[in-house]
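Written below as structure tokens is the structure these notes are about.
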Amino acid sequence: MSPIESEDFRVAKLNELKKAGVDPYGGRFPDTTKISELTDSFEKLEGATVRVAGRIMNHRPMGKASFTDIKDRSGSVQAFFQLKRLGEEKFHIHNQLEPGDIVGAEGELTRTRTGEITIFVEKFEVLSKALLQPPEKWHGLKDAELRYRRRYVDLFSSDEVMECFRKRSQIIENIRRYLAERGFLEVETPMMQSVAGGAAARPFVTHHNALDIDLFLRVAPELYLKRLLVGGMERVYEINRNFRNEGIDRQHNPEFTSLELYQAYGDYTDMMVLAEDIIRTLALQVSDDGRLPFGEHTIDYAKPFKKIDYFEAFEEANGFPAGDMAKVRDRAAELEIDVSGLGQELTVDRVFERTVEDALIQPTFIVDYPAALSPLTKPADADPAKAERWDLIIAGMEIGPAYTELNDPRVQEKKFMQQLEGEDAAEQTFRSIDRDFLRALSHGMPPAGGLGLGIDRLVMLMTNKTAIREVILFPLLRPSDD
RNA sequence: GAGGGUGUAGCUCAGUUAGGCAGAGCAACGGAUUUUUAAUCCGUAGGUCGAGGGUUCGAUCCCCUCCGCCCUCACCA
């Protein structure tokens, strides 16, 4: 049965409205006041005639009068419908209203005898009749699956959820303003790419009919943003979606939003200052002192972020250097990490993630990664086995990396080739070398620092949500057949 | 991909100790109620107990298979 046909009683009320000559799906309802303003500026507005529009959240009919809570984007206010004020005909129409319906109402703003700020309704319009019941008013929607599948219901029935997504929007707005103030240009680069470059991740494949070509949804915008550096956009960034055809868990959604940013004539140390400042600024916008709870921890963003060296941290955590492969493999086995088929550096990195990263709660930069894991990064002058790259870890989560960008086209080409050699056949089907990117580098890319920040994870930290699905409006779920 | 948990009314959840007519609260429906605050009072209705199969006189309960979701792990630059 279609959900639209399932609520007979609601349809009966809808028909009753139509019989009374009322369009149950009304139109424009202008000149409303935000409900929060009614309560914030009550002293000024008391006694005035006000108009509001919103959804009926609670309806308490009492025979010849009723109290109805109307909620808009800003808050909720009580409306009082009275037979003697509205007359038989209008009151009959009012009797067809119920929770979930969207109405516009106009009347005098006063307090009731019990002190509740209330609109004594003189006129009202039915703006949208809800044919389905809203969830129970006290518990709301609890079932996580239903909440994600029916986010629209989750949003109107939970202030907390609405607040979380409002914060998400503000965080992104604040990042944009921060970067605009520093001369960064926001751009959009292709989501559909014929070469899925910029990260070693499995892409989604799609097909363009008119051109008859397979395309990949991008796994990263990196190679396009660097082309823009070549083009002369010296400070450039993109906040947009990436798509990775990999597992789903509390920190991963197949599509996720990242900030990727490039600054010409800088390097990864500039990115460190920038990243730390952006994140601290955001934290201070949602807290008084830069300290925010996250799960069982409190993260302090006001203090300078810690910096640790990749190889030193490895040795400290494990008691032997990362170069001692026999011991590294023993340790991997001990931790029951499957490293079969992995090269040396990746084996080390798996152990590193488990023994170092997972334990890093306070914001920490892990500095100077193995060059073999960072093919787009400039090797360190002092030691070509190390790359000028850091990863920022907060609450055990990878928040983002930054590089001193490799701008030598020949070295870049060699690293691409090496990477291809290391791939198995299945991986290689997704991979080919982006020749045009190498051509762009050959035209000369300014030395630059590049930064990536996972926006979803940042929002998790700022809103104290430990599951990424809580900060993505419509996380990917298997389609249900209802 | 592996292991564990879970799925019962629109929503939130009990329950079937050990197989024997399917439960509550809220929401809904009918009635009363002109200042309520999760309104109250009286009454009514509401179910493929996730799906399919098996065992059984009888299955929501036991067994098998499948599906969704959650957790842990694995995968994931």
Side-chain angles (χ1 to χ4, degrees), chain A residues 1 3 6-10 12-13 57-69 76-86 91 98-100 110-118 120 130-150 153-154 157 198-202 219-220 222 244-254 256 335-343 345-346 348-350 352-354 357 366 369-377 387 389 391 398 400-401 403 419 422 427 452 466-467 469 475 477-482:
Chain A
M1 192 197 296
S6 64
E7 296 282 339
D8 294 342
F9 295 113
R10 290 194 170 239
K13 289 192 168 165
M57 299 310 288
N58 193 354
H59 190 53
R60 301 181 290 281
M62 302 193 41
K64 291 176 181 153
S66 79
F67 292 93
T68 301
D69 298 331
S76 140
V77 71
Q78 177 170 271
F80 184 48
F81 292 80
Q82 225 177 354
L83 172 60
K84 77 175 179 200
R85 225 172 255 265
L86 293 167
F91 197 74
E98 57 205 317
T110 53
R111 282 186 197 275
T112 58
R113 203 164 64 190
T114 53
E116 176 87 8
I117 293 175
T118 300
F120 280 64
L131 296 182
L132 290 175
Q133 280 189 52
E136 196 228 341
K137 59 188 168 190
W138 192 240
H139 294 94
L141 218 48
K142 271 270 182 55
D143 185 88
E145 180 186 355
L146 269 187
R147 289 182 44 234
Y148 303 145
R149 288 193 192 279
R150 306 188 192 161
V153 176
D154 194 28
S157 56
R202 245 170 233 270
V219 295
E222 175 150 358
R244 299 191 179 176
N245 206 340
E246 285 157 4
I248 297 176
D249 61 31
R250 30 186 28 223
Q251 291 175 22
H252 297 82
N253 192 60
F256 62 99
L335 296 167
E336 293 178 336
I337 304 170
D338 179 13
V339 293
S340 51
L342 295 181
E345 293 82 1
L346 273 176
V348 169
D349 202 50
R350 290 288 142 78
F352 181 87
E353 284 173 1
R354 275 285 274 287
E357 283 191 9
I366 300 167
Y369 262 68
L373 300 178
S374 315
L376 296 160
T377 311
R389 163 184 170 182
D391 265 36
E398 293 177 24
Y403 311 151
Q419 232 206 341
E427 291 289 314
T466 55
R469 286 176 162 188
L477 300 174
R478 196 176 292 275
S480 72
D481 49 9
D482 76 339

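Throughout, a chain's letter reflects where its sequence line sits, starting with A, and its residues are numbered from 1. When reading the values below, keep in mind they use all heavy atoms of this one structure, side chains included, and skip hydrogens, waters and symmetry mates. Computed from a predicted model, the values in this text were never measured in an experiment.
The distance between atom CZ of A:Arg354 and atom C1' of B:U72, rounded to the nearest whole Å, is 11 Å. Following rounding to the nearest Å, A:Arg149 (CZ) and B:C69 (C1') show an atom-to-atom distance of 8 Å. Rounded to a whole Å, the CG atom of A:Asp143 is 19 Å from the P atom of B:G5. We find that NZ of A:Lys84 is positioned 11 Å from P of B:U34, with the value rounded to whole Å. In this structure, A:Lys142 places its NZ atom 13 Å from C1' of B:G25, rounding to the nearest Å. The separation between A:Phe67 atom CZ and B:U35 atom P is 7 Å, rounded to whole Å. Remark: P of B:C76 and CG of A:Asp349 are 11 Å apart, rounded to the nearest angstrom. B:C76 atom C1' lies 14 Å from atom CG of A:Leu373, rounded to whole Å.
Residue-level contact check: A:Gln78 touches the bases, meaning some heavy atom is under 4.0 Å from a base atom. Here A:Leu141 lies in heavy-atom contact (under 4.0 Å) with sugar-phosphate atoms only. Within 4.0 Å of A:Pro401, counting heavy atoms only, lies no atom of the nucleic acid at all. Among the protein residues, A:Pro61 comes within range of the nucleic acid bases, having at least one heavy atom under 4.0 Å from a base atom. Heavy atoms of A:Leu146 sit under 4.0 angstrom from primed sugar atoms or phosphate atoms, though from no base atom. When heavy atoms are screened at a 4.0 angstrom cut-off, A:Glu246 is found touching the sugar-phosphate backbone but no base atom. Nucleic acid contact class of A:Phe120 (heavy atoms, under 4.0 Å, all strands): base. Residue-level contact check: A:Arg85 touches neither bases nor backbone, having no heavy atom under 4.0 Å from any strand.
Of the candidate nucleotides B:C11, B:C73, B:C75, B:C11 has the atom nearest to the side chain of A:Glu136. The A:Phe80 side chain lies nearest to B:U35 when the options are B:C29, B:A74, B:U35. Comparing B:C75, B:C67, B:U12 by their closest approach to the side chain of A:Arg478 singles out B:C67. Of the candidate nucleotides B:C67, B:C29, B:U36, B:C29 has the atom nearest to the side chain of A:Phe9. The side chain of A:Lys137 lies closest to B:A38, out of B:A38, B:U36, B:U12. Of all nucleotides listed (B:C29, B:A39, B:G68), B:A39 comes nearest to the side chain of A:Asn58. When distances are taken from the side chain of A:Arg250 to each of B:U72, B:U12, B:C11, the shortest belongs to B:U72. Among the nucleotides B:C29, B:U36, B:C73, the one closest to any side-chain atom of A:Met62 is B:U36.
Between A:Ala467 and A:Pro375, the residue anchored closer to the 5' end of RNA chain B is A:Ala467, taking for each the nucleotide with the nearest heavy atom. When each of A:Leu477 and A:Leu335 is assigned the nucleotide of RNA chain B with its nearest heavy atom, A:Leu477 is the one assigned upstream, toward the 5' end.
For the pair A:Arg85 (side chain) and A:Phe120 (backbone), a donor-acceptor distance under 3.5 Å is absent. A:Arg202 places no side-chain N or O within 3.5 Å of a backbone atom of A:Asn245 that could act as its donor or acceptor partner. In this structure, the side chain of A:Arg150 does not engage the main chain of A:Leu141 through any donor-acceptor pair within 3.5 Å. Between the side chain of A:Asp249 and the main chain of A:His252, a donor-acceptor pair closer than 3.5 Å is present.
For A:Arg113 and B:U35, a side-chain-to-base donor-acceptor distance below 3.5 Å is absent, hydrogens and geometry of angles not being considered. For A:Glu116 and B:U36, a side-chain-to-base donor-acceptor distance below 3.5 Å is absent, hydrogens and geometry of angles not being considered. No hydrogens or angles were tested; on distance alone, a donor-acceptor pair under 3.5 Å links the side chain of A:His252 to the base of B:C76. No hydrogens or angles were tested; on distance alone, a donor-acceptor pair under 3.5 Å links the side chain of A:Thr112 to the base of B:U36.
Closest approach of A:Pro61 and A:Ser66 over heavy atoms only: CA-CB, 3.5 Å. Here the closest non-hydrogen pair linking A:Phe352 and A:Tyr369 is CE2-OH, 4.1 Å. Nearest approach of A:Arg244 to A:Ala220, heavy atoms of both residues: NH2-CB, 4.3 Å.
Pair check for B:U60 finds none; no Watson-Crick or G-U wobble contact set falls under 3.5 Å.
The side chain of A:Arg147 places no N or O atom within less than 4.0 Å of a non-bridging phosphate oxygen (OP1 or OP2) of B:U12. Phosphate contact (OP1/OP2 of B:U35, side-chain N/O of A:Arg111, threshold under 4.0 Å): absent.
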